[in-house]
Amino acid sequence: MSSNGNSGNALPRAGRALPWALVTPALGWTLLFFVLPFIAMGFSSLTAHEGGGFTLSNYSQFFTNPSYWQAMVNSLQVTAIVTLLSVLLAYPFAWILAEQVPERWQRLALMLAVLPFWTSYVVRSYSWLLVLAQNGVINRALTGSGLIAEPLQLANTRLATVTGFVHFFVMLLTLTIFANLKQLSPSYRKAAADLGAGPVRTFLHVILPLTLPGIMVGAFLTFVLCIGDYITPQILGGNNELLMPQLVMMQIGRRGDFPLASALSIILMAVVTVAYLACARWLKIERA
Amino acid sequence: MSVKSASGNPLSILKRHLRAACAATALLLGVGSLAEAADLNALIWCDHSDPALLQPFEEANNVKVNVKEFEGTGAGLAIVEQSQPGDWDVMVIDSIDVPRGVEKGLFEPLPEDKLPLADLFPQVKMDGSTVVGGKRYGITEKFGYNTIGFNKTKVDPADMQSLASLTSDKYKGKVAIYDYYLPVIGMAALAIGKKTADLTEADLPALKAELLKMKANAKLVGEVTASQTALATGEVDILVGGGEWVTAGLAKENPALDFSIPKEGAVLWSQSLAMFKASKNKDLALKFIQYIMSPEGQARLATSSCYWGMPANSKAALTDDQKKVLRFDEQPGFLARAQAYPAPNADLDKKMQDMWTEMLQAK
């Protein structure tokens with residue numbers, strides 16, 4: 001009797017423990033590789049570079065030094081432009097892949113679309129530098145055809161940074177939007193047509209709203225990866241304006257000022273968190 | 001039959017595999033510890049990772065030199081702080097930063113009688129930095145100048161004899177600035193008639209004004225590769241902070257690239273080798289330093305594939321062509337006009353870096 005009773009209690013207990021057991025590796029991973037480093041970084045950001053001790057000066061420097069502020073403004077501007085351009089270019093591309101390319105060719109088309117990912121990020125950035133340089137492909141074509149007399153300043157500008165970023169992120173966004181478009185049931189379009197909506201109206205009132213989650217997820221990924229990227233602005237921007245990751249790296253190079261670098265990183269992370277919360281709220285993820 | 005059934009038992013298979021894995025791990029660990037005994041771990045700049053430099057030492061001493069590259073003293077010291085004592089044997093460091101390592105208790109004094117100090121160019125021994133408390137903690141192995149690098153077919157070489165050309169309208173948009181604040185601030189100091197060793201906080205406004213004038217002429221501010229690429233591809237014709245470290249390596253492909261030591265002078269860069277106090281292979285570390293400082297090692301280091309620079313040892317076994325590219329014979333005159341990197345204290349260093357940040361952000 002008691003034996004039965006024990007086994008009867010053990011099963012629900014095991015049942016309750018199973019989800020925790022399954023989630024433990026992910027929790028452990030997050031704790032080890034996100035929470036603990038984040039705490040360490042937070043602690044470091046509150047210490048003085050020289051002599052240690054608690055201080056808020058690393059944060060106050062950001063808010064009082066106009067150059068540091070400017071780095072954040074530059075980062076937000078570049079990220080916003082890149083995200084917007086990437087969405088505008090990726091949507092039609094994904095649409096063509098999902099709707100116009102025959103099913104049997106879609107896999108090949110997708111593979112061709114992601115080919116740029118197979119090349120080193122650094123090599124790709126330097127390749128863009130050579131394309132946009134004064135003696136690069138574009139300037140040679142323009143001067144050679146007589147369209148312009150003097151080469152344009154394309155490399156080492158914000159335009160070059162944005163071009164490099166957009167080239168990379170269009171592919172990322174295309175994949176997320178493509179996946180979203182493929183999940184849409186054809187019956188939505190049929191229903192819209194039955195109700196008298198034309199292709200444009202169907203797109204604006206049915207397809208676009210239903211694919212917004214894919215766009216937002218892709219746009220958020222673009223935002224996060226773009227605002228934290230060091231390589232592209234460093235190679236293509238010519239350091240004519242600093243973005244936040246460059247500012248962080250500057251603190252480490254010679255001076256090894258990890259506390260200030262940590263504080264700047266945490267501020268950057270706070271911006272990303274705000275972007276995520278805005279995105280989540282907009283998509284009403286919290287209600288799901 | 002019983003053997004067959006045992007070998008087919010999943011538990012037995014697992015145990016057997018575990019035993020094999022343990023044996024393999026033990027073997028690997030054993031080999032690893034053997035290899036460790038014959039390894040030299042070096043924290044270096046990229047010029048030391050050239051196989052042409054390392055292989056002769058490895059073969060002669062039957063050792064493996066494990067290298068880890070870093071850029072900037074701060075990053076290098078951070079690697080050391082995150083390592084276990086004894087992980088590293090030798091380190092390449094800016095000569096002016098040797099005292100930083102000594103203050104942290106990292107370096108071992110070097111035996112002067114076992115090093116070719118008498119053969120070094122006297123101006124690059126930099127005893128003010130490499131000797132601390134009467135003991136030598138670093139030895140200069142390579143040096144050069146942060147000065148004007150240029151394409152002599154695109155600019156008037158006579159103009160390159162004055163730092164004033166860098167801010168002249170004549171070269172607007174044809175200039176790149178090397179992205180390292182200390183040497184370029186040093187060049188700005190020379191341009192306004194200040195000595196790099198005497199810079200104080202009071203000089204910052206004048207230095208900032210000079211830097212902003214340079215920036216107004218510049219197309220880009222780039223790190224090593226970017227600034228080198230800009231000069232090599234014709235994106236710019238002048239590199240502020242350039243020197244033989246940019247032009248010498250490209251001399252074969254583009255003989256039009258050259259450098260000058262202007263009348264106001266140039267900023268001397270100097271890198272040193274230091275040995276770690278906690279090194280487990282001090283004899284081997286000393287052998288490595290001796291090899292790098294030998295005429296043969298110096299020639300290989302000076303012409304390393306990553307970047308060329310002048311060997312500190314005046315007896316370096318360079319070929320005549322290599323000496324010509326490095327302008328070896330002109331060194332006495334160059335050295336007479338060169339001044340050391342600014343060596344600010346922590347507070348001034350921070351202010352200089354912030355000034356550099358402002359310059360980068362300036363439109």
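Because the structure is predicted, anything quoted here is derived from the model rather than measured. Just so you know, these numbers use all the heavy atoms, side chains as well, and skip hydrogens, waters and symmetry mates. In what follows, chains are A, B, ... by sequence order, proteins preceding strands, each numbered from 1.
- If you check the side chains of B:K350 and A:Q61, you find a donor sitting under 3.5 Å from an acceptor.
- In this structure, chain A has heavy atoms under 4.5 Å from both the backbone and the side chain of B:E358.
- Counting all heavy atoms, side chain and backbone alike, A:Y126 lies closest to B:A226 at OH-N, 3.9 Å.
- With a 4.5 Å cut-off on non-hydrogen atoms, B:I177 does not touch chain A at all.
- With a threshold of 4.5 angstrom between heavy atoms, B:F70 does not approach chain A through any atom at all.
- In this structure, B:Q361 contributes its side chain and A:S67 its backbone to a donor-acceptor pair below 3.5 Å.
- Residues of residues 232-241 of chain A lying under 4.5 angstrom from chain B, judged on non-hydrogen atoms, are A:Q234, A:G238, A:N239, A:N240, A:E241 by number.
- Shortest non-hydrogen contact noted between A:M250 and B:Q353 is O-NE2, 2.7 Å.
- Counting heavy atoms from C-beta outward, A:R255 and B:Y181 have side chains that approach closer than 4.5 Å.
- Of the two parts of B:A362, only the backbone, made up of N, CA, C and O, holds a non-hydrogen atom closer than 4.5 Å to a non-hydrogen atom of chain A.
- Proximity to chain A involves both the backbone and the side chain of B:D349, based on heavy atoms less than 4.5 angstrom apart.
- The environment of B:E71 atom CD is sparse: at most 12 non-hydrogen atoms of other residues, nucleotides or ligands sit within 6.0 angstrom.
- The 12-atom threshold is exceeded at NZ of B:K215, counting heavy atoms of other residues, nucleotides or ligands nearer than 6.0 Å.
- Heavy atoms only, all atoms of each residue included: B:G234 and A:Q134 are closest at O-NE2, 3.9 Å.
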| request: Might you work through the side chain to side chain contact (heavy atoms under 4.5 Å, CB included) test for B:E235 and A:N156, ending with a clear yes or no? | output: CA-CA 10 Å; B:E235 184 74 8; A:N156 305 303; 3.6 Å; yes
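- Annotation: B:Q84, atom CD; neighbour count of heavy atoms from other residues, nucleotides and ligands within 6.0 Å does not exceed 12.
- Chain B forms the most heavy-atom pairs under 4.5 Å with one residue out of A:L130, A:D257, A:I252, and that residue is A:I252.
- Heavy atoms of B:L77 lying under 4.5 Å from chain A are absent altogether.
- With a 4.5 angstrom heavy-atom cutoff, B:S227 does not touch chain A via any of its atoms.
- For residues 339-348 of chain B, a heavy-atom distance under 4.5 Å to chain A picks out B:A346, given by residue number.
- Considering NZ of B:K363 and CD of A:Q70, their distance stands at 6.0 Å, rounded to 0.5 Å.
- For A:Q153, the part sitting under 4.5 Å from any heavy atom of chain B is the side chain, from C-beta outward, and nothing else.
- Here the straight-line distance linking atom CG of A:N74 with atom CG of B:L360 works out to 11.0 Å at 0.5 Å rounding.
- In this structure, B:K68 places its NZ atom where only 12 or fewer heavy-atom neighbours from other residues, nucleotides or ligands lie under 6.0 Å away.
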